[in-house]
Structure formats: structure tokens, C-alpha cells
Number of protein chains: 2
Amino acid sequence: MEAILHALSDPVRAQIFAGVASADCAQICSAFADVSDRPVPKSTLSQHFKVLREAGLVRSERHGVEVRNTARLGELRERFGPLIEAIMQAHAKQQCETRAKAG
Amino acid sequence: MEAILHALSDPVRAQIFAGVASADCAQICSAFADVSDRPVPKSTLSQHFKVLREAGLVRSERHGVEVRNTARLGELRERFGPLIEAIMQAHAKQQCETRAKAG
DNA sequence: TCGATAGTTCAGAAATTGTGAACTAATGGA
DNA sequence: TCCATTAGTTCACAATTTCTGAACTATCGA
């Protein structure tokens, strides 16, 4: 819980989780090198995924040379009710507003 | 938003906010020196309240020698919908479970 | 004005986070 | 089999953030 809020309080990780959660298939780590305005180095990306994994937000499975990530939405809803949905909804709303301002 | 998750991802601050939010009257800062297992120094307490204020979670007003804090529940619901409620509910549930285990 | 109480500020210590470099793991040729 | 390539992890140190004791400000009451 504490770990979840901490994980999602970082804007890059929040973006990564949003991307994984909204995708209809598993996402590889390196797909998120450009979530931020400046490119995220792969060592940093690896750490971010580690934080997300340890918070129980995503599951990672190696398939050949790549690691595929999926959001653990079911388990999260079971344990925390509407918490994750509420956070992601607020996150999405905020993204909208940010984009609207940026033009 | 990011600031809110960050503020509440610290267990001491989460406890403080829960205390302020659930109280039926404004709470002074020093009322929370014992939220943790070890006493929280007043400089640390002051910083925690600063973080909560800057995240927009609480409002602080000086009354004589003390500072009274209230949760900005109305504004928060307006801006973020059920987010804060969801976090506080998950927090409360977790507190219950922790206490149950501790005996 | 003095003493007490409540909180803030500051500076250095302690802890956490970010990142390049070196490494591991798996794959696909030659 | 061996080499090159791709994807990610680990490590060590730099950079940043957080914690906290000491000194300070603010307010009140005597």
C-alpha cells in the first residue's frame, strides 16, 4: 500500500504503469524509454520496473531476450478495492489537462 | 496529484493526515508526536505538515501560540473525485489488519 | 519584560535515487 | 561452436532528498 503510493508518486513510473495497465498485451521494458521529456536510461528503467514489481503493481516474465510486463489489475482490485482505478483515473484526467494546456 | 501520492506514501504523514481528516475539530501539529513507534521530533513534524500543506491536503491556521490543521476534504473531492476517500479507506483497512496481527 | 509553549528554519548527517559502465541471458546466424 | 546482437540487470558512485538537533521566531500570560 505504502509501496504502491510511493511507486506511483514518481511521474515516470506512473506513466509506465498507465501504459502497461492500458495496453491490451504485455509490454516490454524498453518500450518506455520515451515516457519522459528526456530519454530514460535503461538502468533507470530497470530500477523503475523493479519498484513496480516489488509494489505488486506489475508482473514480469522473460520471453526469449525480452521481459514482458503486465499490470496485476485483478489482484490489486481484490486487495485494495477501487484504489488503483481511482489513482489511474485521476492520472488520466491530469494527463488530459496537461495536454490541453500544452496545446 | 503527484504531490498527494508522495505525501501519503510516507507512513507517518499518512497517519497524520488520517488523524486530521477523521477528527471532528482542527488538530494542532504537536498532537502527532506519537503517531510512530518512535517519537517524531518537532522539526520533522513541522516538515511533514509543510509537505501535507504544499500537496493541498491540509490547511493550517495559527490561533495564538498554536497552529490548527484541517483536512481540505471538500476541495480534494472536487478536484480528484473519490481518490482521497479510496486512499484513506485502503489505509484504514490496512491499519485494522496490522492491529489484528499485532494482537 | 520575562518565561513558557508551539512551531519554523537551517545546516550537516543519513538515506534514497539516478545513471554510466560492466555484466548476464537469450537468440540467430556463419 | 563461436560471435554478434538485443534486452535487461547489477554495481558503484554521484546527485538528490529527507531527517533532525540547535538556534530562532511568534504569541501569550503573569
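All values below come from the heavy atoms of this structure, side chains included, with hydrogens, waters and symmetry mates left out. Per chain, numbering begins at 1; letters A, B, ... match sequence-line order.
- Between A/His48 and A/Ile16, the shortest heavy-atom distance links the atoms CB-CD1, 4.1 Å.
- Nearest heavy atom pair, residue A/Ala55 against residue A/Ile4, reads O-CG1, 3.6 Å.
- In this structure, A/Phe32 and A/Leu45 approach most closely via the heavy-atom pair O-CD1, 3.7 Å.
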Practice problem: Would you check, one step at a time, whether the test side-chain contact (heavy atoms from CB on, under 4.5 Å) holds for B/Lys50 with B/Arg53? | Solution: CA-CA 5 Å; B/Lys50 191 178 180 187; B/Arg53 259 194 315 272; 3.8 Å; yes
Exercise. Go through the steps to decide whether A/Phe49 and A/Val67 satisfy the test side-chain contact (heavy atoms from CB on, under 4.5 Å), and finish with yes or no.
Key: CA-CA 10 Å; A/Phe49 270 100; A/Val67 172; over 6 Å; no
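- Considering every non-hydrogen atom in both B/Leu83 and A/Ala90, the closest pair reads CD2-CB, 4.1 Å.
- Taking all atoms of both residues into account, the shortest heavy-atom contact from A/Ala23 to A/Gln27 is CB-NE2, 3.5 Å.
- Atom pair B/Leu52:CG and C/dG7:P shows a separation of 14 Å (rounding to whole Å applied).
- Regarding B/Phe49, its CZ atom lies at a distance of 15 Å from the P atom of C/dT9, rounded to whole Å.
- Inspection of the B/Gln15 and B/Gln95 side chains reveals an N or O donor paired with an N or O acceptor under 3.5 Å.
- B/His91 and B/Ala14 get closest at one heavy-atom pair: CE1-CB, 3.7 Å.
- Between B/Arg38 and D/dC19, a side-chain N or O to OP1/OP2 separation shorter than 4.0 Å is absent.
- Using a 4.0 Å cutoff on non-hydrogen atoms, the parts of residues 41-48 of chain B near DNA chain C are B/Lys42, B/Ser43, B/Ser46, B/Gln47, ordered by number.
- Of the residues in residues 55-65 of chain B, B/Arg62, B/Gly64, B/Val65 come within less than 4.0 Å of DNA chain D through at least one heavy atom, sorted by number.
- For DNA chain C, the neighbouring residues in residues 1-29 of chain A, judged by any heavy atom under 4.0 Å, are A/His6, A/Asp10.
- Sequence order on DNA chain D of the closest nucleotides to A/Glu66 and A/Lys50 puts A/Glu66 first from the 5' end.
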Quiz item: Where do B/Leu8 and B/Leu57 land on the side-chain contact (heavy atoms from CB on, under 4.5 Å) test, with the steps shown first?
Solution: CA-CA 9 Å; B/Leu8 296 179; B/Leu57 286 163; 4.0 Å; yes
